[in-house]
Amino acid sequence: MVDKKFKKEIISILLICVLWYSASSGNNVVTKKLLTQFPYPMTVTMVQLLSITIYSGPFLNFWGVRKFADFSWSFYFKIIVPLALGKFCVSVLTHVSIWKVPVSYAHTVKATLPLFSVVLSRIVLGEKQTYKVYFSLIPIVTGVLIATLTELSFDVTGLVSALVATLQMSLQNIFSKKVLQDVGIHHLRLLHVLGRLAFFLFIPIWVYFDLRTFTRETTVRSEHQYYVITLLFVDGLLNWLQNIFAFTIMSMVSSLTFAVANASKRIFIIFCSLLILGNPVTSVNVFGMMMAVLGVLLYNKAKYDALNSDSKKTILPLTKASLIDDDDNPYRYYKLNPVIGSNGYYANGIYKGSHGSNGIYKESQGSNLV
């Protein structure tokens, strides 16, 4: 009976992983095709934000994700509004990079996220890392440099956009953690709040820069108009779906497993983009890409080992302890003392539901989804 249940869970995880990989790679391929026909990254961003706004509300209510809107005005303007601004900028810059350079190269550059996270965490939070963590950054930087020097479709704007987007994403992660720790909002609810706010805040800017321009362009009024509209709809839907699949996987596996799955997803996206879009590459270029992704795997393993080692040093029982963290995973595990709730209680990190259901309690701390 236990084996059957375990096998069923493994099959479910594998199936959702396949859906996640497919939605993510499909989203990147569709975005590239869309921006080739319709070079308006800000409009593509607005459609994705609109998709988050429309789809997330009913979905989160259906799943029973708790509502949360108890922000003070001071907190709202000092923290939430800048995060919404950052989310918009990350998305636009990511789309500019995909527009200007191949998807495979853009994702290789995004592998530098751990590097920015280590540097910014040191500057902003004063966090120190182990030597293993620092050494794991070497193959990441080396791989990105090799991929850059051998990229046949290199573009400076695309490289700078990808680097700035990754830098901004690191800042988003750090300050999203602070919001989720201080306020206790569910991370998907925060995604909904930020997506909705960013969409409405940037409507005037979008109208001024994009709407006025492409409504005068004859190419938009040509026979490709319906094709572009279809791609915009599919792109927004796939972007929202990959967020949901990522959240589902995070809730089912450990921190390290998710980090490995996320790095593997990057390899899958690079492979699919090369296969479907057919951008020219060299063997040295592919070697650089794989080295960068391997560096991300080593980084996540080093972070896991360091934090696991710190948790073993804890002598006295704590209410919140044994933090397992990595920069690509928005979940931390807490070992909790038993807490009575309306539907059950938590004991040592295991939820004991009123009907005997068991689950791991995970507290969100910010991610690429935000």
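Everything numeric in this text was worked out from a predicted model, so none of it was measured. We number each residue from 1, following the sequence as shown.
Considering all non-hydrogen atoms of both residues, Ala263 and Leu297 come closest at CB-CD2, 3.4 Å. In terms of heavy-atom proximity, Ile269 sits nearest to Ser24 at CD1-OG, 3.2 Å. In terms of heavy-atom proximity, Ile98 sits nearest to Ala106 at CG1-CB, 4.4 Å. Shortest non-hydrogen contact noted between Pro102 and Glu151 is CG-OE2, 3.6 Å. Nearest heavy-atom pair, Ser273 versus Val29, reported as atom, atom and distance to 0.1 Å: CA-CG2, 4.5 Å. Taking each heavy atom of Val101 and Leu159 in turn, the nearest pair found is CG1-N, 4.4 Å.
Atom CE of Met46 and atom CD1 of Ile205 lie 9.0 Å apart (nearest 0.5 Å). Rounding to the nearest 0.5 Å places OH of Tyr134 at 8.5 Å from CG of Leu137. In this structure, the separation between CD1 on Ile244 and CD1 on Ile249 is 12.5 Å, given to the nearest 0.5 Å. Considering CG of Asp305 and OG of Ser136, their distance stands at 10.5 Å, rounded to 0.5 Å. Once rounded to the nearest 0.5 Å, the distance linking CD1 of Ile138 with CG of Leu298 reads 11.0 Å. Atoms NZ and OG, on Lys265 and Ser22 in that order, are 12.0 Å from each other to the nearest 0.5 Å.
A search for side chain to side chain contact (heavy atoms under 4.5 Å, CB included) contacts involving Gln168 returns Val90, Leu171, Gln172, not counting sequence neighbours. Ser104 meets the side chain to side chain donor-acceptor pair (under 3.5 Å) test with Asn279; sequence neighbours excluded. With sequence neighbours left out, Trp240 forms a ring-ring contact (aromatic ring centres under 6.0 Å, His included) with Tyr55, Phe59. Under the rule for a side chain to side chain donor-acceptor pair (under 3.5 Å), the partners of Thr150 that lie at least two apart in sequence or sit in another chain are Asn285. Ser97 is linked by a side chain to side chain donor-acceptor pair (under 3.5 Å) to nothing, counting only residues two or more places apart in sequence or in another chain. Contacts of Lys128 classified as side chain to side chain donor-acceptor pair (under 3.5 Å), with partners at least two apart in sequence or in another chain: none. Annotation: ring-ring contact (aromatic ring centres under 6.0 Å, His included) contacts of Phe199 (sequence neighbours excluded): none.
Side-chain contact between Trp63 and Thr248: present, with at least one pair of heavy atoms (C-beta onward) separated by less than 4.5 Å. Side-chain contact between Asn61 and Val65 is absent, with no heavy atoms from C-beta onward closer than 4.5 Å. Two residues are said to be in side-chain contact when any heavy atoms from C-beta on lie closer than 4.5 Å; Val179 and Leu83 meet this criterion.
Here Val281 is tied into one hydrophobic group with Ile267, Ile270, Leu274, Val286, Met289, Met290, Val293, each link being a pair of ILVMFWY side chains closer than 4.5 Å. Applying the under-4.5 Å side-chain rule to Ile, Leu, Val, Met, Phe, Trp and Tyr, the cluster around Leu152 consists of that residue alone.
The hydrophobic clustering, which links ILVMFWY residues whose side-chain heavy atoms are closer than 4.5 Å, places Phe135 and Val296 apart. In this structure, Phe175 is a member of the same hydrophobic cluster as Phe116, with clusters built from ILVMFWY side-chain heavy atoms closer than 4.5 Å. Grouping the Ile, Leu, Val, Met, Phe, Trp and Tyr side chains by contacts below 4.5 angstrom, directly or via other members, places Ile185 with Trp73. Following chains of ILVMFWY side-chain contacts shorter than 4.5 Å, one cannot reach Ile140 starting from Val284, and the two form parts of different hydrophobic clusters. A chain of hydrophobic side-chain contacts below 4.5 Å, direct or via other Ile, Leu, Val, Met, Phe, Trp or Tyr residues, connects Trp206 to Phe209.
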Next item on the list: May I have the step-by-step check of side-chain contact (heavy atoms from CB on, under 4.5 Å) for Ile123 and Val119, ending in yes or no?
Entry: CA-CA 6 Å; Ile123 295 172; Val119 173; 3.8 Å; yes

Notebook entry, point to check: Taking it one step at a time, do Gln129 and Arg122 satisfy side-chain contact (heavy atoms from CB on, under 4.5 Å)?
Noted result: CA-CA 9 Å; Gln129 309 296 335; Arg122 176 65 173 160; over 6 Å; no

Next item on the list: Go through Val228 and Leu34 one step at a time and tell me if the side-chain contact (heavy atoms from CB on, under 4.5 Å) criterion holds.
Entry: CA-CA 7 Å; Val228 168; Leu34 174 59; 4.0 Å; yes

Next item on the list: Any chance you could lay out the side-chain contact (heavy atoms from CB on, under 4.5 Å) test for Thr166 and Leu93, step after step, and finish with the verdict?
Entry: CA-CA 9 Å; Thr166 307; Leu93 289 168; over 6 Å; no

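A donor-acceptor contact shorter than 3.5 Å is absent between the side chain of Asp155 and the backbone of Lys100.
Listed by first and then second residue, the ring pair (Phe, Tyr, Trp, His ring centres under 6.0 Å) pairs involving residues 82-108 are Phe88-Phe202 (not counting sequence neighbours). Residue pairs satisfying the ring pair (Phe, Tyr, Trp, His ring centres under 6.0 Å) criterion with at least one member in residues 267-295, sequence neighbours excluded, are listed as follows: Tyr21-Phe268.
The aromatic rings of Phe38 and Tyr40 are tilted relative to each other, their planes meeting at an angle between 30° and 60°.
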Expected list for residues 229-236: side-chain donor-acceptor pairs under 3.5 angstrom, two or more places apart:
unit_1: Thr230; atom_1: OG1; unit_2: Tyr226; atom_2: O; d: 2.8
unit_1: Asp235; atom_1: OD1; unit_2: Asn27; atom_2: ND2; d: 2.8
unit_1: Asp235; atom_1: OD1; unit_2: Thr31; atom_2: OG1; d: 2.4
unit_1: Asp235; atom_1: OD2; unit_2: Gln48; atom_2: NE2; d: 2.8

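Tested against Ser170 for a side-chain contact (heavy atoms from CB on, under 4.5 Å), the candidates Val118, Thr112, Leu115, Leu113 yield a single pass: Leu113.
For the pair Arg212 and Tyr208, the cation-pi criterion (under 6.0 Å, within 45° of the ring axis) is fulfilled.
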